[in-house]
Amino acid sequence: MKESFIKYVFDQEGGIYMVEDKLLKDIIEEWKEDKKQYVKKSTFAAYQLLIQNHILPRFGEKKEVKEEDVQSFALEKLSAGLSEKTIKDIIIVLKMILKFAVKNGYLDYVQIDVKFPTNQQKKELEVFSKSDQKKFMNYLRDNFTFKNLGIFICLSTGMRIGEICGLRWQDVDVDDGVIMVRHTLQRIYILDEGERHTEIILDTPKTSNSIRDIPMSSELLRIMKQFNKVVNDDYFVISNDINPIEPRTYRNYYKRLCKKLDIPELKFQGLRHSFATRCIEANGDYKTVSVLLGHSNISTTLNLYVHPNKEQKKKLINKMLKSL
């Protein structure tokens with residue numbers, strides 16, 4: 001029987017040291033076996049990709065992980081062009097692995113805090129102008145197809161592309177006038193013994209807040225009522241077929257349509273951003289907008305969409321001074 005060697009190393013400089021002689025790549029394999037029991041298949045697939053592409057190449061052969069290693073890793077990834085959000089997602093997974101290691105006696109715990117430069121320019125949100133959105137919606141009204149209906153729904157509800165691709169007619173309640181968001185369709189990467197393949201899955205939305213009922217506008221409700229008695233409840237809305245249209249295919253269709261109409265080719269997410277922006281411009285209260293979008297908390301909505309322009313700032317200052 002092989003003897004197990006345990007070593008305890010305490011570092012005054014903030015290092016995490018192995019307390020059992022294991023490489024991080026071995027701990028990761030144990031963590032994956034444990035984690036996949038508790039998370040959705042799509043979530044686990046996302047974890048696997050981050051591990052394979054980023055964590056293993058940098059930390060896999062290490063027996064210790066120091067805060068300064070993670071800090072330099074983050075800055076290198078930032079310089080390589082990765083977004084701050086993606087890097088934070090990688091670090092979240094790394095911290096979950098380290099927490100698992102501490103719990104199982106493989107590591108001695110230490111806090112890891114990573115800082116990002118404060119002078120990074122915030123990317124401007126991609127939103128259709130009111131005139132472009134009006135032009136788009138007029139075309140969709142006058143040129144009906146089920147694919148066009150899906151884009152019209154997105155501009156009228158702020159649904160995500162996976163949610164619209166996973167929407168079935170049974171999720172459209174014309175009596176209550178709501179669209180029930182219960183599923184999302186996505187293609188995920190599966191890593192199986194080093195081999196990659198993809199598959200389409202219909203899953204529950206990304207968070208519990210994403211499971212929501214969105215009221216339809218009077219125009220959208222009128223359109224949906226026309227189909228209520230003739231469509232098959234099991235069919236997907238944008239394909240009107242038992243087989244769905246996957247997000248990648250639908251995204252390409254949307255881009256071709258933008259080009260045809262000579263309007264900016266925003267990312268598909270721009271439809272959702274445009275809906276939210278129009279709601280804010282219409283003086284919608286932020287909590288309601290947050291619930292409609294399925295955000296997990298209102299701060300996400302505030303950070304993304306609530307940015308007073310120059311005129312709004314001047315109006316507030318003048319109003320304040322008049323009150324004196």
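Starting from 1, each residue takes its place in the sequence as its number. Keep in mind that this is a model prediction, so the values were computed, not measured.
Side-chain N or O atoms of E61 include none that pairs as donor or acceptor with a backbone N or O of L23 at under 3.5 Å. A donor-acceptor contact shorter than 3.5 Å links the side chain of K95 to the backbone of I112. The closest donor-acceptor contact from the side chain of Y109 to the backbone of K103 lies at 3.5 Å or more, if one exists at all.
A chain of hydrophobic side-chain contacts below 4.5 Å, direct or via other Ile, Leu, Val, Met, Phe, Trp or Tyr residues, connects F144 to V230. If you chain together hydrophobic residues whose side chains sit under 4.5 Å apart, L292 and L302 fall into the same group. Under the 4.5 Å side-chain contact rule for hydrophobic residues, V114 and I97 share a cluster.
Aromatic ring centroids of W31 and Y47 lie under 6.0 Å apart. Taking the six-membered ring for Trp and the full ring otherwise, Y250 and F268 have centroids separated by under 6.0 Å. Checked against a 6.0 Å centroid threshold, the rings of H273 and Y305 count as neighbours.
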Would you please test F227 and V174 for side chain to side chain contact (heavy atoms under 4.5 Å, CB included) and show each step?
CA-CA 10 Å; F227 301 104; V174 296; over 6 Å; no

Run F59 and L98 through side chain to side chain contact (heavy atoms under 4.5 Å, CB included) and show every step you take.
CA-CA 11 Å; F59 302 106; L98 296 177; over 6 Å; no

Go through it in stages, so that I can follow the logic: the residues are R187 and Y189, the test is side chain to side chain contact (heavy atoms under 4.5 Å, CB included), and I'd like the CA-CA distance, side-chain angles, deciding distance and then a yes or no.
CA-CA 7 Å; R187 179 176 288 278; Y189 282 89; over 6 Å; no

Test side chain to side chain contact (heavy atoms under 4.5 Å, CB included) applied to M216 and V178, step by step
CA-CA 5 Å; M216 289 181 275; V178 298; 5.7 Å; no

Going through the distances and angles, do T288 and D285 end up as a side-chain hydrogen bond (donor to acceptor under 3.5 Å, both in side chains)?
CA-CA 6 Å; T288 301; D285 74 273; 2.6 Å; yes

What verdict does the side-chain hydrogen bond (donor to acceptor under 3.5 Å, both in side chains) test give for Q170 and D234, after you've listed the backbone C-alpha separation in whole Å, the side-chain angles of each residue and the deciding distance to 0.1 Å?
CA-CA 6 Å; Q170 62 188 253; D234 293 327; 3.2 Å; yes

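A salt bridge is defined here as a Lys NZ or Arg NE, NH1 or NH2 lying under 4.0 Å from an Asp or Glu carboxylate O, and R182 with D213 meets this definition. Residues E265 and K259 are not paired through a salt bridge, judged by the lack of any N-O separation under 4.0 Å between the basic side chain and the carboxylate. Salt-bridge check for E29 with K25: failed, with every basic side-chain N at 4.0 Å or more from each acidic carboxylate O.
Atom CG of N143 sits in a crowded spot, with more than 12 heavy atoms from other residues, nucleotides or ligands closer than 6.0 Å.
No side-chain heavy atom of C154 sits under 4.5 Å from any side-chain heavy atom of R160. Under the 4.5 Å side-chain criterion, counting only non-hydrogen atoms from C-beta, H183 is not in contact with D203. Under the 4.5 Å side-chain criterion, counting only non-hydrogen atoms from C-beta, Q186 is not in contact with I200. For the pair T277 and F128, the minimum side-chain heavy-atom distance is 4.5 Å or more.
In this structure, R168 forms a cation-pi arrangement with F236, its terminal cationic atom sitting closer than 6.0 Å to the ring centre and no more than 45° off the ring axis. With Y139 as the aromatic partner, K260 does not meet the cation-pi criteria of under 6.0 angstrom to the ring centre and within 45 degrees of the ring axis.
Screening N209, T207, T300, V289 for a side-chain contact (heavy atoms from CB on, under 4.5 Å) involving H295 leaves a single residue, T300. Tested against F136 for a side-chain contact (heavy atoms from CB on, under 4.5 Å), the candidates L140, D132, N138 yield a single pass: L140.
Of the N and O atoms on the side chains of S217 and R222, not one donor lies less than 3.5 Å from an acceptor on the other residue.
The shortest heavy-atom contact between L293 and A276 is CD1-CB, 3.7 Å.
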